[in-house]
Amino acid sequence: MKLSSISIIFFFATLQALSVLQVNSQSTDSCNSNLNLDLPFDTSLLNCLPVWSRHDFILRYVRNLSNVWNFVLSAPDTNSFVAIGFSTTGQMVGSSAVVGWVSADGSGTVKQYFLGGQRPNLVVADQGNLTIVENSTSITSRSSRVYLAFQLNTSQPLSRVLYSVGQIGVIPSARGFALAEHRDKVSTLLNYRTGTSASDSQHSRLRKSHGILNMLGWGILMIIGAMAGRYFKQWDPMWFYSHAAIQSSAFLLGLAGIIAGFVLEDRLNAEVDTHKALGILILVLGCLQVMAVFARPGKESKVRKYWNWYHHNGGRIVILIAIANVFYGIHLGEDNGTSWNASYAVVISILFLLSIILEVKLWRQN
């Protein structure tokens, strides 16, 4: 009797294990799997690659015609939305995304969203910069997975691709189709030619190095060096050596930061033309300031006053452009850039307040 009970228990446990294995096998997808989906485009020639292992996201894509790209995003069906976004910077703010979900009645909804900011009211449905081919979007739930399909009319999709997944059991309602905050997200770099995808976090250290070097060099030390050259001339010649040493350090740190920026742009293939142009302008003006030091006329020279005017005002222009570009770089490079903005703004405010105090003191002395 006891043996019979054990046999029965073992039998039902085996059936349960087999059913779990069957469900798991049905809910998996791989690049070796065939897509038996009713789509308006051919799926036999799609490139395939895993893009987000944490949530088992698989992306398939191919360039169909000269300016038409086919995409199929596969993900586990967790009764939530799935999204794929395209960004110029790798950040969610400013990107456009294709978002899809399957309702409880089995009907699917696919919409484009523009992510204008981090607040819910700035995530706008039926807006965005993607040119989606008409009647090409669909989302299907099959074997515990969802397949989000769409076509883009573009000569080359952006390589900075974002993925996100919504809260389990939470999907947008028909009233406004507002998106709830995502459960998880990732930013990647997709090479369409080689079919490889890398997480953007792999370049986070280089991005932070680029930002910190430029912030410290052009955005902080350059200001301190200028203050030493203007307000501490009563300690001659110490003020000159301090001014030269601080500005030289600022230039070298800024140069290293700009080189890191070029490397970062090459690896990420990011579109940061304005930020890059301002950085190059700062570097050129900085080089002119360095070269001007070697051409400095003597104190008795008649042209010394013109050299002073050029050197002083050129330095001020470099500082102003550098401050603006640091803030702009923070905006481009960080999702949570508020803390960086606030920290740098505090430093600049302290230096500005100190400059006012020293300027008033200098004015009274004169």
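Quick note: numbers below take in every heavy atom, side chains included, and nothing from hydrogens, waters or symmetry partners.
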Task: Side-chain ion pair, Asp29 and Arg60, N-O less than 4.0 Å - done: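 Result for this pair is yes, salt bridge flagged.
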
Show me the donor-acceptor pairs, under 3.5 Å and distance only, between side chains in residues 281-301 and residues at least two apart or in other chains.
{"from": "Gln289", "atom 1": "NE2", "to": "His311", "atom 2": "O", "distance (Å)": "2.9"}
{"from": "Gln289", "atom 1": "NE2", "to": "His311", "atom 2": "ND1", "distance (Å)": "3.4"}
{"from": "Ser301", "atom 1": "OG", "to": "Val303", "atom 2": "N", "distance (Å)": "3.3"}

- [ ] Please answer: with hydrophobic residues joined when any side-chain heavy atoms are less than 4.5 Å apart, are Leu39 and Leu73 in the same cluster?
- [x] no

- [ ] Answer yes if Val123 and Phe114 sit in the same cluster of Ile, Leu, Val, Met, Phe, Trp and Tyr residues linked by side chain heavy atoms under 4.5 Å apart, and no otherwise.
- [x] no

Taking atom [atom1] of [X] as the centre, does the number of heavy atoms from other residues, nucleotides or ligands within less than 6.0 Å exceed 12?
| X | atom1 | result |
| --- | --- | --- |
| Asn313 | CG | yes |
| Phe262 | CZ | yes |
| Phe352 | CZ | no |

For a quick test of your reading: what N or O donor-acceptor pairs under 3.5 Å do the side chains of residues 251-260 make, sequence neighbours left out?
none

Task: Check: Asn32/Ser30 side-chain N/O donor and acceptor closer than 3.5 Å - done: no

- [ ] First locate atom OG of Ser138, then atom CZ of Phe41, and finally report the distance between them rounded to the nearest 0.5 Å.
- [x]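 Here the interatomic distance stands at 7.0 Å.
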
Open item on the list: Main chain of Val99, side chain of Gln112: is a donor-acceptor contact present, judged purely on distance under 3.5 Å?
Closed with: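 Side chain of Gln112 to backbone of Val99, a donor-acceptor pair under 3.5 Å: no, none is there.
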
Less than 6.0 angstrom separating the ring centers of [X] and [Y], yes or no?
| X | Y | answer |
| --- | --- | --- |
| Phe232 | Trp235 | yes |
| Trp69 | Tyr192 | yes |
| Trp52 | Phe57 | yes |

- [ ] Check Val146 against Pro76 and note the closest heavy-atom contact, atom names and distance.
- [x] CG2-O, 4.2 Å

Task: Among Asp77, Thr140, Asp56, Thr78, side-chain hydrogen bond (donor to acceptor under 3.5 Å, both in side chains) partner for Arg145 - done: Asp56

